[in-house]
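Below is one structure, written out as structure tokens; comments come after it.
Nothing fancy with the numbering, it's 1 onward along the sequence.
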Amino acid sequence: MNTQANKAIIWPPFTQVNIAAPSIHVTKAKGSYIYDTDNNRYLDLISSWWVNLHGHAHPKIAKAIYDQAKELEHVIFAGFSHTPAQNLCEALQDILPSTLNYFFFSDNGSTAVEVAIKMAYQYWVNKGARRNKFLSFAGGYHGDTLAAMSVSQSSGFHDAFQPLFLSVESIPYPDTWFNDYSVISREQDSLSKLRSYLNQHHKNIAAFIAEPLIQGASGMRVSRSEYLKQVVELVRSYGILIIFDEVMTGFGRTGTIFAMEQVGCIPDFICLSKGLTGGFLPLALTVTTRDIYEAYLSNDIKTAFLHGHSYTANPLGCAAALASLQLLRSDKTMNAIQQINKTHLKYLPNLADSCNLVHKLRIQGTIAAFDLNISCTKTIQHLKRQFLKDGLLLRPLSNTVYILPPYSITEEELKNSYFKMEKIINEVNT
Ligand SMILES: *Cc1c(COP(=O)(O)O)cnc(C)c1O
């Protein structure tokens with residue numbers, strides 16, 4: 001009913017309005033489902049752009065926000081502080097490596113990355129060095145602000161802005177899938193290119209940034225943890241700082257609370273957002289080490305990190321994040337994360353067996369993905385509409401279909417989603 005009005009005045013994100021279907025007007029959401037004006041319900045298989053952890057409108061998080069709003073909704077965070085921020089950082093210390101213990105707040109994934117990049121750069125400036133280059137993986141996606149776009153420049157999302165970017169070198173990214181026999185040689189290629197690049201340029205490189213274990217926006221592309229560990233150790237041997245962008249992978253998505261646990265490396269910076277508040281409010285953190293923090297200390301304002309946002313450490317966001325963390329660490333959620341992984345392992349291979357369009361299977365914790373042997377965008381758009389018609393909210397990334405569900409999804413719901421997908425994909429194929 002309101003879809004036309006929406007189209008006229010609201011400019012939606014990542015959308016070519018001329019060819020997109022009108023936005024679906026949502027009136028409410030509960031658990032794993034969202035509901036539109038006609039009371040159609042959609043199973044949120046992408047956690048509303050990867051932010052939701054425990055299901056929509058979770059009463060514990062809603063109550064935490066309400067209780068906090070009655071006490072302190074917001075206050076300037078320079079010269080002032082508050083208990084929700086303090087408590088949240090202490091709770092995160094419990095689950096982060098002990099060397100990551102300085103917390104800088106912002107309010108979305110891009111700003112968390114922007115902060116890490118600026119902090120890494122100024123770290124060297126404060127030490128009297130000039131390091132003007134960054135390293136990232138080909139296809140990596142780190143957000144839509146300028147520095148974040150610069151380190152995502154090969155993702156294809158930001159081509160118009162190429163002339164404005166920071167100087168960034170991309171390392172080939174050897175992604176892998178089930179029964180992939182070429183990955184080891186592609187990893188070796190990538191490592192040798194990196195080695196020769198570092199040999200020549202290491203003195204100019206401030207930091208290396210990566211999405212650990214799985215690249216999200218470029219198509220849920222998985223890499224082997226052993227390879228990533230080698231890359232990090234190599235880069236670090238040249239004194240270059242390491243940034244892990246766990247904006248998507250954080251808070252259980254990859255099967256462990258953070259992906260870095262599986263890589264076996266502790267970075268100098270970790271960027272957190274998306275799942276931080278369980279999907280309720282925009283909040284982000286860049287967490288770093290004492291070494292970085294201390295490089296900013298002096299009696300001169302110029303060596304300080306002169307960066308901040310109006311809503312830095314918003315108390316409502318902090319309260320939501322604390323409540324979400326408590327839910328995350330419960331046995332119930334930890335078991336749900338394992339169960340989702342098992343269900344993927346059981347039904348994704350089935351799907352591939354019964355749909356010959358489906359290939360390149362990958363599963364990383366709660367995330368499952370596959371590619372379709374379809375190059376026609378119209379067919380993919382058609383598939384997306386058919387999924388929606390059948391009550392499945394899926395949003396393929398070009399020809400990659402992925403499931404990244406909230407932890408509230410049941411085994412039955414996930415299993416049925418696989419059966420529905422099978423039917424829909426096979427219909428398109430005939
Ligand atoms: C989504 C995402 C970002 C950007 O976060 P926003 O909150 O959308 O700005 C950064 N890095 C990764 C890995 C992401 O998935």
Side-chain angles (χ1 to χ4, degrees), residues 133-142 151-156 168-202 205-250 253-256 258-271 341 344-345 348-349 352 358-371 397-400 402:
K133 273 185 171 293
F134 292 85
L135 276 180
S136 66
F137 274 127
Y141 173 84
H142 301 284
V151 287
S152 321
Q153 57 185 269
S154 57
S155 68
V168 175
E169 181 69 18
S170 339
I171 308 167
Y173 181 75
D175 62 321
T176 189
W177 47 87
F178 284 20
N179 303 321
D180 164 23
Y181 303 107
S182 65
V183 67
I184 303 287
S185 75
R186 285 181 291 118
E187 286 175 358
Q188 291 312 322
D189 275 359
S190 160
L191 281 164
S192 75
K193 288 205 175 102
L194 176 61
R195 232 175 253 119
S196 65
Y197 185 80
L198 287 172
N199 257 328
Q200 290 201 338
H201 301 282
H202 64 94
I205 302 169
F208 163 65
I209 184 166
E211 295 160 272
L213 291 185
I214 178 164
Q215 291 187 331
S218 75
M220 298 298 156
R221 301 201 304 156
V222 173
S223 64
R224 294 190 326 127
S225 56
E226 297 87 340
Y227 160 78
L228 186 54
K229 188 170 181 179
Q230 279 178 287
V231 168
V232 168
E233 284 172 356
L234 178 60
V235 170
R236 193 167 250 172
S237 71
Y238 287 93
I240 295 162
L241 300 171
I242 310 291
I243 303 169
F244 274 179
D245 176 354
E246 293 231 29
V247 168
M248 186 279 274
T249 53
R253 292 293 181 202
T254 67
T256 45
F258 300 109
M260 68 178 159
E261 296 164 38
Q262 293 173 65
V263 182
C265 295
I266 301 172
D268 300 286
F269 299 90
I270 183 173
C271 305
N341 178 253
H344 285 323
L345 285 167
L348 180 60
V358 169
H359 70 134
K360 286 197 177 176
L361 313 185
R362 53 254 189 215
I363 294 173
Q364 182 61 254
T366 68
I367 308 167
F370 56 86
D371 287 4
L397 292 156
S398 71
N399 68 332
T400 297
Y402 70 93

T249 versus R253, side-chain donor and acceptor atoms under 3.5 Å:
no
Between I266 and R236, which heavy-atom pair has the shortest distance, and what is it?
O-NH2, 2.7 Å
I367 side chain reached by I214 side chain, heavy atoms, under 4.5 Å:
yes
Name the residue from L234, V231, L198 that meets the side-chain contact (heavy atoms from CB on, under 4.5 Å) definition with F208.
V231
Just grab all the ring-ring contact (aromatic ring centres under 6.0 Å, His included) pairs involving residues 216-250, residues at least two apart or on different chains.
H202-Y238
Of all heavy-atom pairs between M260 and P267, which one has the smallest distance, and what is that distance?
SD-CD, 3.5 Å
Which pair of non-hydrogen atoms, one from A138 and one from S154, has the smallest distance, and what is that distance?
CA-OG, 3.2 Å
Reported CZ-to-CD distance for the pair R195 and Q200, which is rounded to 0.5 angstrom
15.0 Å
For a side-chain contact (heavy atoms from CB on, under 4.5 Å) check, start with the C-alpha distance between L135 and V151, then their side-chain angles and the critical distance, and finish with the verdict.
CA-CA 7 Å; L135 276 180; V151 287; over 6 Å; no
Under a 3.5 Å threshold, yes or no: a donor from one side chain and an acceptor from the other, between D371 and H359?
no
For D180, the option from K360, R186, R224 that meets salt bridge (Lys or Arg N to Asp or Glu O under 4.0 Å):
R186
Could you tell me if the side chain of F137 sits less than 4.5 Å from the side chain of E211, heavy atoms only?
no
Taking all non-hydrogen atoms of both residues, which atom of T254 and which atom of Q262 are closest, and how far apart?
O-NE2, 2.9 Å
Ignoring hydrogens and angles, state whether a donor on the side chain of S190 or Y173 is under 3.5 Å from an acceptor on the partner side chain.
no
Straight-line distance of R221 CZ to L397 CG, nearest 0.5 Å:
11.5 Å
For S192, enumerate each residue passing the side chain to side chain donor-acceptor pair (under 3.5 Å) test, keeping only those at least two apart in sequence or located in another chain.
none
